[in-house]
Amino acid sequence: MKLHHNTSDAYRLLHNGTLAMGRAERQGIRVDLGYVTKEKSRLSREIIDKESELKDTEFFKRWEKSVVKEVNYNSAVQLGNYLYKVLKLEPPKLTKGDKGSVDEEVLNILKIPELQTILRIRKLKKIRDTYLDQFSREQIDGYIHPFFNLHLVRTFRSSSDHPNFQNIPKRDEEAMNIVRRALLPRPGHQLLEVDYSGLEVRISACYHKDENMLRYIKNPATDMHRDMMEQIFKIKYNGSEEHRLLRSAAKNGFVFPQFYGDYFVNNAKDMACKWGGLPAGVWKDDQGISIGACTLGEHLRKQGFRSIRSFETHLEKIQQDFWENRFPEYARWKRQSWNLYKRRGYVDMLTGFRCSGVMGKNDVSNYPIQGSAFHCLLWAFIELDRTLSMRSFRTKLIGQIHDAIIFDVYPPELETIAKLVHEVTTKELPKAWKWINIPLEVEAELCPVDASWAEKEKYKLIA
DNA sequence: GGAACTCGCCAC
DNA sequence: AAACGTGGCGAGTTCC
């Protein structure tokens, strides 16, 4: 596939973006090296403990007897052989290469206590070897300098490496705390993160201009994920913890995958496994969906769904309704883009970039949205970087995560910075790019002075 | 000893 | 008819 920055606007964005990224790269991010060293050895101690716990089991001794050389419990191949060939268990799920999978989901399903130990070790190793190790390896005088590449990604998004600053743990509480605790502001400064809310969904609306989608975006009283949750589970949203969980199942298990081009069969399976706590295997059969204790399963059973089949059929209808009635203009835009691509061999982005070459149906609609959503962030990043250097602020931009900017803030400048960021990201950008037909919103998080990136708190940019 | 592959897992 | 988009990186493995 080929990419072109075929307008001077697109060229300038890449040119100025590269310069701005370069400045952030040179600034770098401060690392607490003493902490990293101590934390790595603490993790190593726990790994050794768990290891001896594992090696002490009958499960492991049988494994040792089954192999000629030494057992490596970190090896997916060896674990797969042991579970599915020696112990002759039925693989609940296969990998892309058609072998028995041994990922986290599968190991949880198998209900073998020793596999929990392996999962624990995997997690600790991930934290130590992928994140903390990278920080100590890449740091120079106590600062890491992640690269932000603008020339590597098919969609004209960015990527980051050495170390990758764009995949630092966030959702897993423990991993998040351990890893982010290592990243600090400059002495006497504080870290600030500003995120665009729902940027890709909003940018998609700039392409398809779907009336119903525009209503959802423009009216803060409405919530498409809540509506989808009510439709899928046939209940009225009441804001309880349970209902919030079901809303997130609807959002991340149906709405977003549908936008990206997934379909109801996968949605049903995925929702059942991830939010219903159900083994993947049983979904192949026409088995009951109330196995185990699970919120989602409970609700579905109450609604009269007795099998995966019936839930699938239900989601099939919802999918139909989703594209035919809820977002018909979005669906039309997807079809039109695909037809246009088939005639011309390329798709253009609203930001002046062109993707051409062999693309799949989903790519044709996903690439322009993903790319130009990032370009919004990039435009704001360039503008803020320019203003901050021109006015000799001591606050610096130090990184970017697709729809978020990370600042190292000099506290006396905080209020000025907050106003400026809000102005540039939500007001100036739509003035510069007339095709933005929706309001843009940002959310911010701020760490206390001298506190690590683990200590983010919600922060209002404007009063 | 390195390239290229698979698998698993982190982010948006 | 077909069926989820973009990355980086570590460990294990195989091949040259």
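Chain letters run A, B, ... following the sequence lines, proteins first, then strands; residues in each count from 1.
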**Prompt:** Phosphate oxygens OP1/OP2 of C:dT6: is one of them under 4.0 Å from a side-chain N or O of A:Tyr367?
**Reply:** yes
**Asked** A:Lys125 near the nucleic acid: base, sugar-phosphate alone, or nothing, with a heavy-atom cut-off under 4.0 Å?
**Response** nothing
**Fill in**
In terms of heavy-atom contacts, A:Arg326 and A:Asn212 come closest through O-ND2, 2.7 Å
**Item:** Residues A:Trp323 and A:Gln258: side-chain donor-acceptor under 3.5 angstrom
**Value:** yes
**Complete:** Note: A:Leu54 and A:Phe60 closest approach over all heavy atoms is O-CB, 3.2 Å
**Asked** Which two nucleotides bound the region of DNA chain B that has atoms under 4.0 Å from heavy atoms of chain A, read 5' to 3'?
**Response** B:dC7 to B:dC12
**Message:** Looking at every non-hydrogen atom in both residues, tell me the closest pair between A:Ala10 and A:Thr351 and how far apart they are.
**Reply:** CB-O, 3.7 Å
**Asked** CD of A:Glu316 versus P of C:dA2: gap in Å, rounded?
**Response** 16 Å
**Asked** Without hydrogens or angle criteria, can the side chains of A:Asp408 and A:Gln190 be said to hold a donor-acceptor pair below 3.5 Å?
**Response** no
**Message:** Measure CZ/A:Phe156 against C1'/C:dG5 and give the value in whole Å, please.
**Reply:** 17 Å
**Message:** Does either side chain, that of A:Tyr341 or that of A:Asp363, offer a donor lying less than 3.5 Å from an acceptor on the other one?
**Reply:** no
**Asked** What is the nucleic acid contact for A:Pro257, judged by heavy atoms within less than 4.0 Å: base, sugar-phosphate only, or nothing?
**Response** base
**Request:** Name all pairs fulfilling the side-chain hydrogen bond (donor to acceptor under 3.5 Å, both in side chains) condition that reach into residues 82-91 of chain A, sequence neighbours left out, sorted by first residue then second.
**Result:** A:Asn81-A:Lys85
**Item:** Side-chain (A:His314) to main-chain (A:Ile232) donor-acceptor, under 3.5 angstrom
**Value:** yes
**Message:** What is the distance, to the nearest angstrom, from the CG atom on A:Asn366 to the P atom on C:dG5?
**Reply:** 7 Å
**Request:** For each nucleotide in nucleotides 7-16 of chain C, reading 5' to 3', give B when a protein heavy atom comes within less than 4.0 Å of its base, S when such contact involves only the sugar-phosphate, and - otherwise.
**Result:** BBSSSSS---
**Prompt:** A:Val265 near the nucleic acid: base, sugar-phosphate alone, or nothing, with a heavy-atom cut-off under 4.0 Å?
**Reply:** nothing
**Prompt:** How many Å lie between NZ on A:Lys334 and P on C:dA3, as a whole number?
**Reply:** 15 Å
**Message:** Can you tell whether the side chains of A:Lys55 and A:Glu64 come within less than 4.0 Å, N to carboxylate O?
**Reply:** no
